[in-house]
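Note on naming: letters A, B, ... go to the chains in the order of the sequence lines (proteins, then strands), and numbering restarts at 1 for each one.
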There are 4 protein chains.
Amino acid sequence: MLIQIREEDVTPVYLQVINQVREQIASGKLKPGERLPSVRELARFLDINVNTVQKSYQGLKQMGLLVIRPARGAIVSHKAPDVLGSAQNERLLKEALVRVMKEARRLGFDKDAVLRLLRDIEAS
Amino acid sequence: MLIQIREEDVTPVYLQVINQVREQIASGKLKPGERLPSVRELARFLDINVNTVQKSYQGLKQMGLLVIRPARGAIVSHKAPDVLGSAQNERLLKEALVRVMKEARRLGFDKDAVLRLLRDIEAS
Amino acid sequence: MLIQIREEDVTPVYLQVINQVREQIASGKLKPGERLPSVRELARFLDINVNTVQKSYQGLKQMGLLVIRPARGAIVSHKAPDVLGSAQNERLLKEALVRVMKEARRLGFDKDAVLRLLRDIEAS
Amino acid sequence: MLIQIREEDVTPVYLQVINQVREQIASGKLKPGERLPSVRELARFLDINVNTVQKSYQGLKQMGLLVIRPARGAIVSHKAPDVLGSAQNERLLKEALVRVMKEARRLGFDKDAVLRLLRDIEAS
DNA sequence: GTGGTCTAGACCACA
DNA sequence: GTGGTCTAGACCACG
């Protein structure tokens, strides 16, 4: 499991961890049932605080992506694929898009302009 | 100038003010040269602290949307239209869209799905 | 005497008046002995507060450029030419230059770069 | 990081801090990636309010000289050298020089006189 | 009256 | 511990 913390990124460290784990599950690099490194292990590896990793894992558990078994470590939930494609996520994404549209209008762009910009964006 | 603070919104108050003023300039409700309420006036009206309004006005000044003249009040800058339609804003919006696309991919959506969702969003 | 207040300029109004009067004396447009408009007259003409003009005239008097005769108006002092070319002014200018040099160093420019830039400036 | 506040200086305290930090980055005493003292630490050391230091750091962030990461401290941005040598700064300096030249003309000096004075100034 | 600066003290999320 | 936000109250120069 390859994770890296960007020092210059203003995103909270615990969110950087959550996002990258979520991405790896979505892309299939992490599969249901697969074991994640222990909290202490990952904290040591990333050189961040144990509490921070703890918070990330709890967040992922809350989303239903991780199953945490005390004293036995954390594994990717078998329900993870459902969670990632769920209607709830569509709602989350919709909210994010609404926020961007509001921002766009503030900056003086209409929906068509946004759609055009979005189409031009790399799939990077 | 109609502004309202949403207590339940997590967005910092000073940003709510900035966003709403920005929106009103973008939509033409506030025109270049028009005078804004004094910091004290607006603070009293919104029932927030003077320093908070001050922070908002300073932010808007920084963006080039306001011209603030000590002891004479603040007016919408005549350069505001340029600022709002500038190439710099296109870059800002692009960055926001890239962030949303990353988020979408994490949630298991591809670009076409995002485009479809965006088209369905109200122009509210 | 042609004076105009720039609304968008952040320079205090009373200083805008002082500077323009000083300029007109330096350039010869206002000559020693010549009468200036009364405080009330100028205030009405520029649409600014009487106190502001009063402050400007007092400042000019302080510099030795104006002689104010109560109830009879203000005239350009016959000593004005001496004041404008004096050693005291050289000191003032030197201080302004020192401030600019400090600013330049902060922005990453050395003295040679500043001299080059200054030479390139229009004599506008 | 050595900073000192001059009580007798009319320059606002938060600007004194900004200027000195900027100077130290320009002169290489503070290098990209280097960590600055926390707002509380610096406030205690300079015996000024935390909010004042906060204002300074926010200003430096705005200029692109600092990267501030909540709960992780502030570091000199890796883009700081670009910011300090940029064309935008040349414009800023040019504007300052134009202002000084106007002032000089008001005081009765021409450009050659100014150049001569500038050359004589210590590089202090 | 106006905006600008500063202090003191508080609460928050994050590490 | 860190930075970010907000309040209350003060003083200043300027109009």
Side-chain N or O of D/T52 closer than 4.0 Å to phosphate OP1/OP2 of E/dT5: no

Identified pairing partner of F/dC11, criterion: Watson-Crick or G-U wobble below 3.5 Å: E/dG4

Heavy-atom neighbours of C/Q62 CD exceed 12 at 6.0 Å: no

Gap between atoms CG and C1', on D/L66 and F/dT2 respectively (whole Å): 14 Å

Residue whose closest nucleotide on DNA chain F lies nearer the 5' end, D/Y57 versus B/P70: D/Y57

For the student: nearest non-hydrogen atoms of D/R72 and A/D9, plus distance: NH2-O, 2.9 Å

Residue whose nearest DNA chain F nucleotide is more 5′ - D/A74 or B/A71: D/A74

B/Q58 vs E/dG4: side-chain N/O to OP1/OP2 distance below 4.0 Å: yes

Any donor-acceptor pair under 3.5 Å from B/Q24 side chain to B/L2 backbone: yes

Stretch residues 32-51 of chain B: residues that reach within less than 4.0 Å of DNA chain E through a heavy atom: B/S38, B/V39, B/R40, B/E41, B/N51

Value in whole Å for how far the C1' atom of F/dC6 lies from CD of B/E7: 11 Å

Residues touching DNA chain E, which here means a heavy atom under 4.0 Å, drawn from residues 12-21 of chain A: A/P12, A/V13, A/Y14

Shortest non-hydrogen contact between C/M63 and C/V83, atoms and distance: O-CG1, 3.2 Å

Length of the CD1-C1' vector between B/I68 and E/dT5, whole Å: 14 Å

Closest-nucleotide ordering on DNA chain E, the 5'-leading residue of D/R72 and B/K61: B/K61

Below 4.0 Å: OP1/OP2 of F/dC6 and any side-chain N or O of B/K55: no

Separation of atom CG in A/D9 from atom P in E/dC14, rounded to whole Å: 14 Å

Lys/Arg N to Asp/Glu carboxylate O, A/R22 vs B/E103, below 4.0 Å: yes

Residue-phosphate contact under 4.0 Å: D/Q54 side-chain N/O, F/dG4 OP1/OP2: yes

Non-hydrogen atoms of C/G73 and C/R35 that approach each other most closely: CA-NH2, 4.3 Å

D/D47, CG atom: more than 12 neighbouring heavy atoms under 6.0 Å: no

Cationic N near anionic O, under 4.0 Å, D/R69 to A/E7: yes

Heavy-atom donor-acceptor pair, A/S77 side chain to A/L65 backbone, under 3.5 Å: no

